Amino acid sequence: MSTPMLGWKELPMGAVAFISSKEYPTGEWAVFQPKIDESKCIKCGLCWMYCPDSAYRWDGENVPVPSLEHCKGCGICATECPTKAIEMVRV
Amino acid sequence: METVWRPNIKELARREMETRPVESGHRLCAGCGAGIVIRQIAMAARKPLVWLNATGCVEVATTIFPYSSWNIPWAHNAFENAAAVGSGVEAARNKLARVNRFSNDPDIDLDYDVVVVGGDGGTYDIGLQAISGAFERGHKLMYVLYDNEAYMNTGIQRSGGTPFGARTTTTPVGKVIKGKPLFKKPIVDIIVAHQIPYAATVSPAYWNDALIKFRKGLEADGPSFIHAFSTCPLGWGSNPEDTIKIMKLAVETCVFPLYEVVEGEYKLTGPSIAIAKNPAKKRPVEEYLKLQGRFRHMFKPGNEWMIEKFQEWVDKQWEMLLKKAGY
């Protein structure tokens, strides 16, 4: 017991999750991550709709942008893309 | 519920960009179907949501201390009391509104919807009596069951929602017992017997249909129940990229038909109408089974009877549903 014990004022809050999970980079799990061919994309938004990680950022107008910091590389977007514009690239 | 809402994907995307109800960085597995279900519930909501989660994958993976993925009011509940807490929240809201408790506080908005989300363990088995009680008392809440057909979070134990023949850690495949020997519990029929205004089955792969049903459930006049199909790549032994494909095949093979029950009247929706009108469109269950490792033993020589038995059960359920829906 060389280190002094923390008092109740120094301890972090208990039972309340206080940091947004966007600080946690789940993108590190991925082996493959999506790369969008912008010329093939028809902006249907299915990749955004079917992403379990809410990793796609889409404003409804431009080509959706996957946030690679959070993409776990499941590959649903590449499978479901109607024009096969998404390719899974090894990271 | 007079005019049917038509979801506009671009509008939904813009709204999600602004509000981000479910934030990235939760630790559900890659390719988890439940991640899509929870996003679609948040997309369909018109009013602010109060979200109550029974123990399960979603609850555990989205709130690992000190991280939280929720930008909406959210509370953790035990397996068995999620629906009871939902009724409490709803009853307290009604009381506070009735006595004008916050009439001079413009920051507090009591006009919100209560959503209770539970997995199949917390709904089929453990939480059933709390749900039954909440529905009997007629609380205005939407209960969403995301059905990944076993206790995936604790290590793939069989539940009342596990289908026939599926391999789980408590129903392993051996020489005598080959996966779960029993069939799935008809949960929607059990819930419909409570005479609630709205119940439906939802497959996130048909997102348009799913969003309309979530919206109808939230705006129903009383309790509503949504049974959402959710692929689990870890427990089902499927490829993560096939999540949506399996969800579509489950509907096309009639393993998981899409329908809604409005005031006790069964109505087929989406692709299930097309299959009811043209039975040739119904695909054999093998196509659904062969994508999943948990059914792999069914394709070994000597086990053909299992696929036949599964098909027989699916056909029987489908015939019963067609009769109820008036086909």
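Chain A is the first sequence line, chain B the second, and so forth, proteins listed ahead of strands; every chain is numbered from 1. In this text, all values refer to a predicted model and were calculated from it rather than measured experimentally.
- Judged by distance alone, the side chain of B/D147 and the main-chain N or O of B/F229 form no donor-acceptor pair under 3.5 Å.
- Residue B/R39 touches chain A through its side chain alone, counting heavy-atom pairs closer than 4.5 Å.
- In terms of non-hydrogen atom pairs under 4.5 Å with chain A, the most contact-rich of B/K248, B/K245, B/E241, B/R14 is B/E241.
- Here the side chain of B/R46 pairs no donor or acceptor atom with the backbone of B/R215 at under 3.5 angstrom.
- When heavy atoms are compared at a cutoff of 4.5 Å, A/W48 approaches chain B by way of both its backbone and its side chain.
- Under the 4.5 Å side-chain criterion, counting only non-hydrogen atoms from C-beta, B/L211 is in contact with B/W5.
- Judged by the 6.0 Å distance and 45° axis criteria, B/R93 is positioned over the aromatic ring of B/Y112.
- Remark: side-chain polar atoms of B/T243 are paired, donor with acceptor, to backbone N or O of B/G31 under 3.5 angstrom.
- In summary, B/E219 and B/K47 do not engage in a salt bridge, as defined by a charged side-chain N under 4.0 Å from a carboxylate O.
- One N or O on the side chain of A/D59 and one on the backbone of A/N62 form a donor-acceptor pair closer than 3.5 Å.
- Interface residue A/E61: only side-chain heavy atoms are found under 4.5 Å from chain B.
- Distance alone, capped at 3.5 Å, places no donor-acceptor pair between the B/W74 side chain and the B/E59 backbone.
- Ranked by heavy-atom pairs shorter than 4.5 Å toward chain B, the options A/A55, A/S21, A/C51 are led by A/S21.
- Per-residue counts of heavy-atom pairs under 4.5 Å with chain B were compared for A/H70, A/E23, A/M88; the largest is that of A/H70.
- Both the backbone and the side chain of B/P66 have a heavy atom closer than 4.5 Å to some heavy atom of chain A.
- In this structure, the portions of B/L12 lying under 4.5 Å from any heavy atom of chain A include both its backbone and its side chain.
- Contacts between B/E11 and chain A at a heavy-atom distance below 4.5 Å are absent for every atom of the residue.
- Using a 4.5 Å cut-off between heavy atoms, B/Q40 touches chain A through its side chain atoms alone.
- Chain B forms the most heavy-atom pairs under 4.5 Å with one residue out of A/T26, A/I76, A/V16, and that residue is A/I76.
- Ranked by heavy-atom pairs shorter than 4.5 Å toward chain B, the options A/P25, A/G45, A/S54 are led by A/S54.
- Side-chain contact check for B/T269 and B/K213: at least one donor-acceptor pair (N or O, by modelled atom type) lies under 3.5 Å.
- Among B/S68, B/A30, B/P240, B/G35, the residue making the largest number of heavy-atom pairs under 4.5 Å with chain A is B/S68.
- Contact tally against chain A (heavy-atom pairs below 4.5 Å) for B/A205, B/C29, B/P233: the top residue is B/A205.
- Only the side chain of B/R20 comes within contact range of chain A, with heavy atoms under 4.5 Å apart.
- The CH2 atom of A/W58 sits 7.0 Å away from the SG atom of A/C44 when rounded to the nearest 0.5 Å.
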